[in-house]
Amino acid sequence: MGAWLDALYLVSLLVEVAVLFYLEYKTWGTYYTPLNFLMLPYVVVLLITVMLAGNALDFVGFYYPSIFIWNVGLLLFALPSLLIGTLLQCKELPFRSKGVDGKFPSVLVPLLVVLSILFIWHLKSIINSSAESLGSEEFGEEFSGGGLWGHLRLMTLPLMMMCIYYVSKKNWWLWPVIIVFLLVSALNQVKGWVIIPVLAAMSMRIYFGKTRLSMKLLSYVVLGAFVVFFASYALSILVVQERGVSDEFMEFIFKHFFHYLTSGTLGWSMDVQLGIPDDGGSFDNIIAQVVNLCKSFTGDKELVYPINPLYYNTGTTLTNVRTIFGTLYINSSWIVFAIYTLFLSTCMYLMKVLMTRRNNIYLSTIYFFFCAMLFMGWFDFYFSGIIVLEFPVIVTAFWVLEKIVCKKKRAADEFCGDTN
C-alpha cells in the first residue's frame with residue numbers, strides 16, 4: 001500500500017503540472033510564464049531526486065508526502081495567472097512583447113567601464129591585503145559580501161544581464177565585461193547569484209528571438225551550470241587547500257553536484273518525515289528585507305538573517321534548504337502561506353503585463369530576473385533578500401538616467417536646429 005500511495009503523490013503532481021502547463025499556454029500564448037519558471041524545474045529536479053534517493057551516492061530515501069506542499073502551492077500560484085489572463089483576454093489586450101530592439105544603452109557604457117576597472121582594482125587590493133585565501137567563503141565575504149562593494153556587486157547583476165542580452169559578433173566588446181562581472185559573482189561564493197542572472201538573460205534572449213531554444217542550447221546550459229559548480233569548488237579546494245585534480249577530486253565534485261541539485265527536495269522531504277522540527281519559524285524570515293530596512297531606519301542593529309539553522313545529512317553532506325514552498329510553510333501558517341503565494345503570483349503576472357505593454361529592456365530585465373528566482377524554487381526561497389528591493393530600484397534608476405540624458409540630447413539637437 002505504501003508504494004501505491006507514494007506513486008499517487010508523484011502522479012498527482014505530474015497530472016497537476018501537465019494541466020496547469022496546458023492552461024498557462026492557452027491563457028498567455030507563451031511558455032515563458034512565472035508559473036512555468038517555477039514548476040517545470042521543480043518537476044525535473046524532483047524526478048532526478050526520486051531516481052537517486054536511497055539508491056545511489058548514499059542519499060537518504062525520499063518521503064513522497066513532502067510533494068503535497070507543492071500541489072497546494074502551485075495551485076494557489078496558478079489562480080492569479082488564470083484570473084489576470086482571462087481578464088486580459090476579455091479586453092483583447094496583447095500578451096506578448098514585440099521585442100527589445102536597438103543596442104546596449106549608450107548611457108550605461110561608462111558605468112560598465114568604471115565598474116569593471118573598480119572591481120579589478122578592488123580584487124587586486126584584497127588579494128594583496130587579505131589574510132584569507134582566494135576562493136574561500138571568507139575571501140568572498142571580504143571582497144563583496146556587504147557594504148559599498150556588496151551594493152556595487154548587486155549593480156553588476158542587471159548590467160551583466162543586459163550585456164548577455166545584447167552581446168553578438170558586432171557587440172563583441174561586451175564579452176570582457178560579462179567575464180569580469182561573472183568573476184565578481186563567482187568570487188562571492190554564492191552559486192545562485194551566478195546562475196540566476198545568466199539564466200534570466202538567456203531566457204530573455206530566447207523569449208525575444210535573439211537565441212533559438214534547442215537541445216544543443218539546453219546541453220550548453222547544463223554544461224554551463226556544471227562548470228559554475230566545478231569552478232566554485234575548484235577555487236575552494238584546488239586554490240585554498242592547494243590540492244591537485246585527481247579521481248578523488250572529480251568524484252567529490254560529481255557527488256556534491258547532485259547533492260546541490262537535490263538538497264532542497266531531499267531537505268524538505270527529510271523535514272516532513274521527521275515531523276518538521278523547524279516548524280514555527282517567524283514570518284520575518286520571509287520578509288526579512290522589509291524588516292531589516294525598517295530596523296535600519298529605527299537604528300535597531302538586531303537584523304533578521306533568514307537562514308535555516310537546522311541542517312540535515314541527506315547524503316554526501318549537509319543541507320538547510322527546503323525549496324521555496326517548504327521554507328514558506330515553515331515560517332508561516334497555512335493562511336499566511338496562501339496569502340503570500342497569491343500575492344507573489346499576482347505581483348509576477350502584473351509585472352509580466354507591464355513588461356508586455358511597455359516593451360523596453362529595463363522592465364524585461366526586472367521581470368526575467370524575478371522569473372529566474374522562481375526557477376530556483378526547487379532549491380530554496382530567494383525572495384527574502386534585500387536584492388528583491390534593490391534590483392528593481394537599480395534598474396529603474398538606469399531607466400530614469402537614460403530618459404534624462406535622451407531628453408537633454410533631444411533638447412540640445414532642437415536648439416542646434418533652431419540656430420542653424
Side-chain angles (χ1 to χ4, degrees), residues 104-167 171-201 224 227-242 289 292-293 296 301 303 305 307 365 369 372-373 382 385-398 401:
F104 189 92
S106 58
V107 68
L108 299 181
V109 173
L111 189 57
L112 296 181
V113 177
V114 171
L115 283 175
S116 297
I117 294 173
L118 279 176
F119 270 108
I120 291 173
W121 170 82
H122 182 56
L123 176 59
K124 183 179 179 181
S125 299
I126 294 295
I127 291 175
N128 292 334
S129 62
S130 177
E132 306 298 341
S133 299
L134 177 68
S136 65
E137 293 184 6
E138 293 77 12
F139 182 91
E141 182 65 25
E142 190 174 345
F143 175 63
S144 61
L148 173 63
W149 292 103
H151 292 296
L152 290 178
R153 177 178 58 81
L154 292 185
M155 191 180 293
T156 66
L157 298 183
L159 291 173
M160 179 168 62
M161 280 183 61
M162 286 187 270
C163 286
I164 294 174
Y165 178 77
Y166 284 111
V167 72
N171 294 322
W172 61 267
W173 59 272
L174 290 172
W175 275 115
V177 179
I178 293 171
I179 293 171
V180 171
F181 288 171
L182 275 174
L183 179 63
V184 170
S185 293
L187 286 173
N188 195 242
Q189 285 293 304
V190 181
K191 302 176 190 66
W193 297 124
V194 179
I195 296 171
I196 287 173
V198 174
L199 173 69
V227 168
V228 168
F229 193 86
F230 179 88
S232 175
Y233 277 98
L235 280 172
S236 61
I237 295 177
L238 300 182
V239 177
V240 178
Q241 300 180 23
E242 298 182 353
Q289 72 280 64
N292 288 337
L293 189 62
S296 65
K301 296 183 179 180
L303 301 180
Y305 295 96
I307 299 175
T365 298
F369 184 81
M373 291 173 68
Y382 274 85
I386 190 64
I387 194 170
V388 172
L389 302 177
E390 194 164 353
F391 189 92
V393 170
I394 290 172
V395 177
T396 302
F398 293 160
L401 177 63

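Every value quoted in this text rests on a predicted model; they were computed, and no experiment measured them. Just so you know, these numbers use all the heavy atoms, side chains as well, and skip hydrogens, waters and symmetry mates.
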CE of M161 to CZ of F391, rounded to nearest 0.5 Å, is 5.0 Å

Would you indicate whether the side-chain heavy atoms of W173 and L112 approach each other to under 4.5 Å? yes

To the closest 0.5 Å, what do you measure between CD1 (I120) and CG (L183)? 8.5 Å

Stepwise, does the side chain to side chain contact (heavy atoms under 4.5 Å, CB included) test hold for F398 with L159? CA-CA 10 Å; F398 293 160; L159 291 173; 3.7 Å; yes

Report yes if the side chains of P105 and Y166 come closer than 4.5 Å at any heavy-atom pair, otherwise no. yes

Got a second to check how far L174's CG is from I179's CD1, nearest 0.5 Å? 11.0 Å

Residue pair P197 / L157: nearest heavy atoms and the distance that separates them: CG-CD2, 4.0 Å

Working to the nearest 0.5 Å, report the span between CH2 of W149 and CD1 of I126. 8.5 Å

Kindly give the heavy-atom pair with the smallest separation between V107 and P110, and that separation in Å. O-CD, 3.5 Å

Check side-chain hydrogen bond (donor to acceptor under 3.5 Å, both in side chains) between E142 and all other residues, then give those that pass, not counting sequence neighbours. S130

Is it true that, when you exclude W175 itself, more than 12 heavy atoms of the residues, nucleotides or ligands shown sit nearer than 6.0 Å to its CH2? no

Between CG on residue L118 and CG on residue L123, distance to nearest 0.5 Å: 12.5 Å

Contact check, side chains of F181 and S116, non-hydrogen atoms, under 4.5 Å: yes

Can you name the one residue among N188, L154, L187, L152 that meets side-chain contact (heavy atoms from CB on, under 4.5 Å) with S144? N188

Listed partners of N292 passing side-chain hydrogen bond (donor to acceptor under 3.5 Å, both in side chains), at least two apart: none

Quick one: pull up CD in Q289 and CD1 in I387 and give me the separation to the nearest 0.5 Å. 11.0 Å

What class does the angle between the rings of Y382 and W193 fall in, given that below 30° is parallel, 30 to 60° is tilted and above 60° is perpendicular? perpendicular

With sequence neighbours left out, write down each residue that passes ring-ring contact (aromatic ring centres under 6.0 Å, His included) with F143, or none if nothing qualifies. F119, H122

M160 side chain near V184 side chain, heavy-atom distance below 4.5 Å: no

Would you say S185's side chain and L182's backbone share a donor-acceptor pair under 3.5 angstrom? no

